[in-house]
Amino acid sequence: LSQQYNLEVKLDKNPKYGLFPKPHFLVEDAKIKFDSNIISNSKNIRFFISNKNNFIFNKIDLNDLVFKETDFKINKENFSFFLKLLNNKTTNQDIKFIKNKLFYLDQNENMIFFSDLKKLNYLYNENFINEVVSKLEIFNLPVNLKTKHDIINQNINTNIDLNSLKLKIENQINYNNDYLDGELDLSY
């Protein structure tokens, strides 16, 4: 996980092997670490593996990584964890977070707000175009978030849809110069 996803995960229990729906390892009660601090607890993680060499432990290739029911405890110091995943250049395999909760904390560990993250998917495409697709609720407002990061061309496109408010926010940022260049479009 550390080599392929640039992600530090603490596993307290031994993995279990499953064949259906496709070959995978299942680990319960895992924790994600960022900057040597634990930022989340996950009920279980599934490591989907390729059909080739799945019985030879040293030659197993991970295909996708799925975290289920993860509670993130995030503050301003470790919020960059999500950006680090978006900037990942080490993998072409997807990371998915399903049925999660995000607790945003202040410097005294008091909760500022809570968000229900129904889905948070990091999709890694060819040519270093990484994508985040998310469905979440902030203050009981459903929000759809899509972000594409083209690492080679150094630009980021973000779309935020607040359907209940009939509000769309589109942001394009180009950072290939010495300064940021971008455009923000609000549609109501």
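For reference, positions follow the sequence shown, starting with 1.
- Considering only heavy atoms from C-beta on, Asn75 comes within 4.5 Å of Glu109 through its side chain.
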Working for side chain to side chain contact (heavy atoms under 4.5 Å, CB included), residues Phe67 and Leu120:
CA-CA 10 Å; Phe67 291 84; Leu120 178 64; over 6 Å; no
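- Distance check, rounded to the nearest 0.5 Å: CE of Met111 to CD1 of Ile74 gives 14.0 Å.
- Annotation: side chain of Leu184 is in contact with side chain of Ile169 (closest heavy-atom distance under 4.5 Å).
- For the atom pair Gln172 CD and Asn157 CG, the distance stands at 4.5 Å (nearest 0.5 Å).
- Asn159 places no side-chain N or O within 3.5 Å of a backbone atom of Asp161 that could act as its donor or acceptor partner.
- Proximity of Lys119 to Lys135: side-chain heavy atoms (C-beta onward) are separated by under 4.5 Å at one or more points.
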Hey, mind stepping through Asn130 and Asn87 against side chain to side chain contact (heavy atoms under 4.5 Å, CB included) and telling me if it holds?
CA-CA 7 Å; Asn130 299 341; Asn87 294 330; 5.8 Å; no
Side chain to side chain contact (heavy atoms under 4.5 Å, CB included), that's the test. Do Asp64 and Lys22 meet it? Break it down for me.
CA-CA 11 Å; Asp64 290 323; Lys22 56 185 179 177; 4.3 Å; yes
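- A distance-only check finds a donor-acceptor pair linking the side chain of Asn100 to the backbone of Thr70 [under 3.5 Å].
- Put simply, the side chain of Leu11 does not reach to within 4.5 Å of the side chain of Phe25, judged on heavy atoms.
- Arg46 and Leu26 make their closest contact through CG-CD1, 3.7 Å (heavy atoms, listed as atom of the first residue, atom of the second, distance).
- For Asn140, the CG atom is loosely surrounded, since the number of other residues' heavy atoms within 6.0 Å does not exceed 12.
- Here the side chain of Asp106 pairs a donor or acceptor atom with the backbone of Asn108 at under 3.5 angstrom.
- Hydrophobic clustering (ILVMFWY, side-chain heavy atoms < 4.5 Å, transitive): Leu167 and Leu136 are in one cluster.
- Shown here is Phe113, whose CZ atom has more than 12 heavy atoms of other residues, nucleotides or ligands within 6.0 Å.
- Using a 4.5 Å heavy-atom cutoff, the side chains of Asn163 and Pro142 are not in contact.
- Contact of the Leu7 side chain with the Leu65 side chain is registered, since non-hydrogen atoms from C-beta on lie closer than 4.5 Å.
- Between Tyr124 and Asn88 the shortest side-chain heavy-atom distance falls below 4.5 Å.
- Put simply, CD on Glu170 and CG on Leu186 are 9.5 Å apart, with the number rounded to the nearest 0.5 Å.
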After noting the C-alpha distance and the side-chain angles of Leu123 and Val133, does the key distance pass the side chain to side chain contact (heavy atoms under 4.5 Å, CB included) rule?
CA-CA 8 Å; Leu123 310 171; Val133 177; 4.0 Å; yes
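- Atom CD1 of Ile173 sits about 11.5 Å away from atom CD of Glu183, to the nearest 0.5 Å.
- Residues Leu86 and Phe72 fall within the same hydrophobic cluster, defined by Ile, Leu, Val, Met, Phe, Trp and Tyr side chains chained together at heavy-atom separations under 4.5 Å.
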What pairs of donor and acceptor atoms, side-chain ones from residues 29-41 against any protein atom, are under 3.5 angstrom apart with sequence neighbours left out?
from  : atom 1 : to    : atom 2 : distance (Å)
Asp29 : OD2    : Lys13 : NZ     : 2.9
Lys31 : NZ     : Asp12 : OD2    : 3.3

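- Cluster annotation: Ile49 and Ile45 are assigned to the same hydrophobic cluster (Ile/Leu/Val/Met/Phe/Trp/Tyr, side-chain heavy-atom contacts under 4.5 Å, transitive).
- Phe128 contributes atom CZ, which lies 6.0 Å from atom CD1 of Ile152 (distance to the nearest 0.5 angstrom).
- With Asp150 contributing its side chain and Asn155 its backbone, the two residues share no donor-acceptor pair below 3.5 Å.
- Between Phe114 and Phe103, the angle of the ring planes lies from 30° to 60°, which puts this pair in the tilted group.
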Full working for ring-ring contact (aromatic ring centres under 6.0 Å, His included) between His149 and Tyr122:
CA-CA 11 Å; His149 182 198; Tyr122 285 86; over 10 Å; no
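- With sequence neighbours excluded, the residues satisfying ring pair (Phe, Tyr, Trp, His ring centres under 6.0 Å) with Phe79 are Phe82.
- Phe48 and Phe20 fall into different hydrophobic clusters, where Ile, Leu, Val, Met, Phe, Trp and Tyr are joined by side-chain heavy atoms under 4.5 Å apart, directly or via other members.
- Ion pairing of Lys118 with Asp116 is present here, as a side-chain N (NZ or NE/NH1/NH2) and a carboxylate O approach within less than 4.0 Å.
- Hydrophobic clustering (ILVMFWY, side-chain heavy atoms < 4.5 Å, transitive): Leu141 and Ile112 are in one cluster.
- For the atom pair CG of Leu117 and CG of Leu102, the computed distance is 5.5 Å after rounding to the nearest 0.5 Å.
- A donor-acceptor contact shorter than 3.5 Å is absent between the side chain of Thr147 and the backbone of Glu131.
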